[in-house]
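Notes to accompany the following structure.
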There are 2 protein chains.
Amino acid sequence: MNLEDAKMSARSKSNTEIAIETIKRLIVENELQPGSNHLESELSLKLGMSRTPVREATLILEAQGLLEIVPRHGVKILPVSISDMREVYQVLTALEGTAAELAAQKSLNAEAFVEAEKAILMMDEALATDDRETWAIADEKFHNELIRLADNSRIKSIVNVFNDQVRRARALTLYLRPSPTKSNEDHRLLLDAIKAGDALTAKTIHTEHRVRAGAMLISILEKHKLIMV
Amino acid sequence: MNLEDAKMSARSKSNTEIAIETIKRLIVENELQPGSNHLESELSLKLGMSRTPVREATLILEAQGLLEIVPRHGVKILPVSISDMREVYQVLTALEGTAAELAAQKSLNAEAFVEAEKAILMMDEALATDDRETWAIADEKFHNELIRLADNSRIKSIVNVFNDQVRRARALTLYLRPSPTKSNEDHRLLLDAIKAGDALTAKTIHTEHRVRAGAMLISILEKHKLIMV
DNA sequence: GCATTTATTAATGCATACGTTAATTTTGCA
DNA sequence: TGCAAAATTAACGTATGCATTAATAAATGC
């Protein structure tokens with residue numbers, strides 16, 4: 001627990017923060033369905049708080065691209081179209097490629113890679129039993145580790161925002177996609193390149209990895225006629 | 001005026017929107033100085049509105065990285081350190097490089113480039129008389145055109161947020177930097193590559209351009225001991 | 001029956017009030 | 001004089017009320 005986490009533990013969360021987290025969870029879990037509208041008063045009741053923190057939360061969530069405030073119609077939960085997905089992956093590809101490059105440019109000691117190694121191990125184990133849920137958790141953990149290694153807080157927060165935008169689509173396609181063996185391989189190679197300080201290779205491997213992942217996700221959505229998720 | 005703009009014209013701006021714009025302007029103009037703290041009540045008086053829209057505005061501006069809400073101390077206007085600047089330019093470089101690539105991948109007709117051409121012309125004219133202000137306006141116009149050509153709304157909004165973060169530093173260094181002849185040249189070459197549909201060249205030129213711009217800005221800040229701007 | 005006008009309802013942006021509690025000031029003691 | 005404890009003040013997160021006005025329902029006219 002670092003200093004920032006300690007500070008958070010020491011004071012309770014504001015209702016605004018709770019509303020942000022709760023609404024986000026409800027969106028990801030499809031309890032607030034893409035395309036649906038919800039009045040402030042409805043969410044206020046649902047969350048057991050007054051309209052003020054709900055309003056504040058929806059402003060933030062709108063800025064994060066998860067919903068749209070429509071005056072007198074409440075908030076509309078934004079569906080994610082295939083072209084949205086394209087946009088998101090273009091951003092993630094650019095920023096994660098840069099993260100890989102940055103990580104490789106640092107002279108980090110072996111300790112820094114422990115969590116990434118664990119994530120890869122976890123992914124391999126999950127793959128051995130085709131446990132897709134565990135694989136997805138490990139995959140996300142690995143990507144987050146990569147971002148942490150890059151040590152650019154702005155890249156981190158942007159990537160987090162966009163991962164939230166596509167979380168539902170990823171969950172939806174988790175069992176529809178082919179076995180992610182290539183992903184595990186890419187991650188291993190990427191980590192090796194980072195350890196070796198080979199920024200160009202790291203950037204290339206990861207950029208291609210993200211381009212492929214985006215294309216695969218989009219093609220699954222198209223194949224199954226999932227126009228909006 | 002497109003449909004979105006028409007919609008905005010037809011209804012007046014909320015106080016929250018006015019507060020966002022006004023506070024942002026006061027920050028850029030240094031009327032709210034980096035490092036300074038301002039209570040909600042102070043801003044409320046200054047802007048001539050109640051605390052509610054001011055609170056809403058500060059939540060959004062905090063998410064945009066322009067200020068930090070410090071309970072019981074008001075909002076702290078965030079200074080931008082050299083390492084912040086590094087982070088920002090890493091993001092801008094990644095995303096604008098991708099924007100250049102995307103723009104080149106599209107088969108656009110000559111009409112699409114008119115505004116970019118105008119901006120380059122404006123930059124050349126400004127350079128001829130060393131009119132730095134006009135040059136900066138034209139430079140920003142060109143970059144915005146590039147982003148528009150890329151046609152990825154997410155890249156656009158991220159780039160806008162980060163340009164706001166470094167706006168003050170750019171203004172501060174405008175007269176401290178060498179004559180931006182290389183910039184004009186890069187923009188010309190970039191536009192040619194985009195027109196030719198040469199995505200790799202476009203991405204390379206612009207990425208290097210942005211890397212160089214970031215490095216130059218940072219070195220000026222370091223040279224003049226401008227640790228926080 | 002349909003279109004238009006009028007009346008009603010309700011959603012929300014905002015102002016204000018209030019309870020909580022962090023920060024500051026005052027008081028008391030060694 | 002310095003420090004700790006107690007008292008006071010004020011900042012703010014939130015709840016609530018209100019004015020505005022968009023949306024909907026009802027009434028009217030052809």
Side-chain angles (χ1 to χ4, degrees), chain A residues 3-27 32-33 35-64 66-78, chain B residues 3-27 32-33 35-64 66-78:
Chain A
L3 205 56
E4 192 67 28
D5 288 343
K7 202 180 296 181
M8 290 301 280
S9 298
R11 65 172 178 87
S12 60
K13 290 182 186 182
S14 67
N15 277 359
T16 298
E17 286 167 328
I18 291 169
I20 291 172
E21 289 169 9
T22 307
I23 295 172
K24 199 178 283 187
R25 180 170 57 76
L26 295 176
I27 290 173
L32 299 180
Q33 300 246 338
S36 61
N37 284 70
H38 305 275
L39 299 179
E40 281 181 4
S41 50
E42 179 194 333
L43 294 175
S44 182
L45 279 178
K46 197 177 198 72
L47 272 60
M49 60 182 78
S50 76
R51 282 169 52 224
T52 309
V54 169
R55 265 189 74 75
E56 290 181 0
T58 59
L59 282 170
I60 299 297
L61 292 168
E62 185 183 43
Q64 291 182 2
L66 293 180
L67 52 83
E68 177 187 5
I69 295 169
V70 185
R72 315 194 70 90
H73 295 267
V75 296
K76 175 181 170 183
I77 308 301
L78 284 178
Chain B
L3 204 58
E4 191 68 28
D5 289 344
K7 201 181 299 184
M8 290 302 281
S9 299
R11 67 174 175 87
S12 60
K13 289 182 186 183
S14 68
N15 278 358
T16 298
E17 286 167 327
I18 291 169
I20 290 173
E21 290 169 9
T22 307
I23 294 172
K24 198 178 287 188
R25 180 171 56 75
L26 295 176
I27 290 173
L32 299 180
Q33 299 244 337
S36 62
N37 284 68
H38 305 277
L39 298 178
E40 283 181 4
S41 50
E42 179 193 335
L43 294 175
S44 181
L45 280 176
K46 196 177 199 77
L47 272 62
M49 59 181 78
S50 76
R51 282 170 50 223
T52 310
V54 169
R55 266 186 72 73
E56 290 181 359
T58 59
L59 281 170
I60 298 296
L61 292 169
E62 184 183 44
Q64 291 183 1
L66 294 181
L67 52 84
E68 176 187 6
I69 294 168
V70 184
R72 315 195 72 88
H73 293 267
V75 296
K76 175 180 170 184
I77 308 302
L78 284 178

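Every chain is numbered from 1, with letters handed out A, B, ... down the list of sequences.
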*Given atom CG of B:Asn37 and atom P of C:dT24, what is their separation to the nearest angstrom?*
11 Å
*Taking C-beta and beyond as the side chain, do B:Lys13 and B:Glu21 meet within less than 4.5 Å on heavy atoms?*
yes
*Name all residues meeting the salt bridge (charged side-chain N to carboxylate O under 4.0 Å, His left out) criterion together with B:Glu40; count only those two or more places apart in sequence or in a different chain, and write none if there are none.*
B:Arg51, B:Arg55
*Within this structure, what is the NZ-to-P distance between A:Lys76 and C:dA11, rounded to whole angstrom?*
19 Å
*So, is A:Asn15 near the phosphate of D:dG13, with a side-chain N or O under 4.0 Å from OP1 or OP2?*
no
*Counting side-chain heavy atoms from CB outward, which of D:dA11, C:dG13, D:dA23 is closest to A:His73?*
D:dA23
*Please report, rounded to the nearest Å, how far the C1' atom of D:dC12 is from the CD atom of B:Glu40.*
6 Å
*Mind calculating the distance between CD (B:Glu42) and P (D:dA10) to the nearest angstrom?*
16 Å
*Among all residues two or more places apart in sequence or in another chain, which pass the side chain to side chain donor-acceptor pair (under 3.5 Å) test with A:Gln33?*
none
_Close side-chain approach of A:Leu78 to A:Leu66, heavy-atom, < 4.5 Å_ = no
*Mapping A:Met49 and B:Gly74 onto DNA chain D by nearest heavy atom, which one lands closer to the 5' end?*
B:Gly74
*asked:* Expressed as a whole number of angstroms, how long is the span from B:Arg55:CZ to D:dT14:C1'?
replied: 8 Å
Using a cutoff of under 3.5 Å, can you pull out all pairs of nitrogen or oxygen atoms linking the protein to nucleotides 16-20 of chain C, with atom names and distances?
none

_Intermediate values then yes/no, side-chain contact (heavy atoms from CB on, under 4.5 Å), A:Glu62 and A:Val75_ = CA-CA 9 Å; A:Glu62 185 183 43; A:Val75 296; over 6 Å; no
*Please answer whether the main-chain N or O of A:Ile18 pairs with a side-chain N or O of A:Thr22 as donor and acceptor at a distance below 3.5 Å.*
yes
_Interatomic distance, B:Lys13 NZ vs D:dT20 P [rounded to whole Å]_ = 22 Å
*In whole Å, what is the span from the CG atom of B:Leu59 to the C1' atom of D:dG13?*
11 Å
*Measure from CD on A:Glu56 to P on D:dG13 and round the result to the nearest Å.*
8 Å
*Looking at B:Thr16, does any N or O in its side chain come under 4.0 Å of the phosphate oxygens OP1/OP2 on C:dG13?*
no
*Do any N or O atoms from the side chain of B:Glu56 and from the backbone of B:Thr16 form a donor-acceptor pair under 3.5 angstrom?*
no
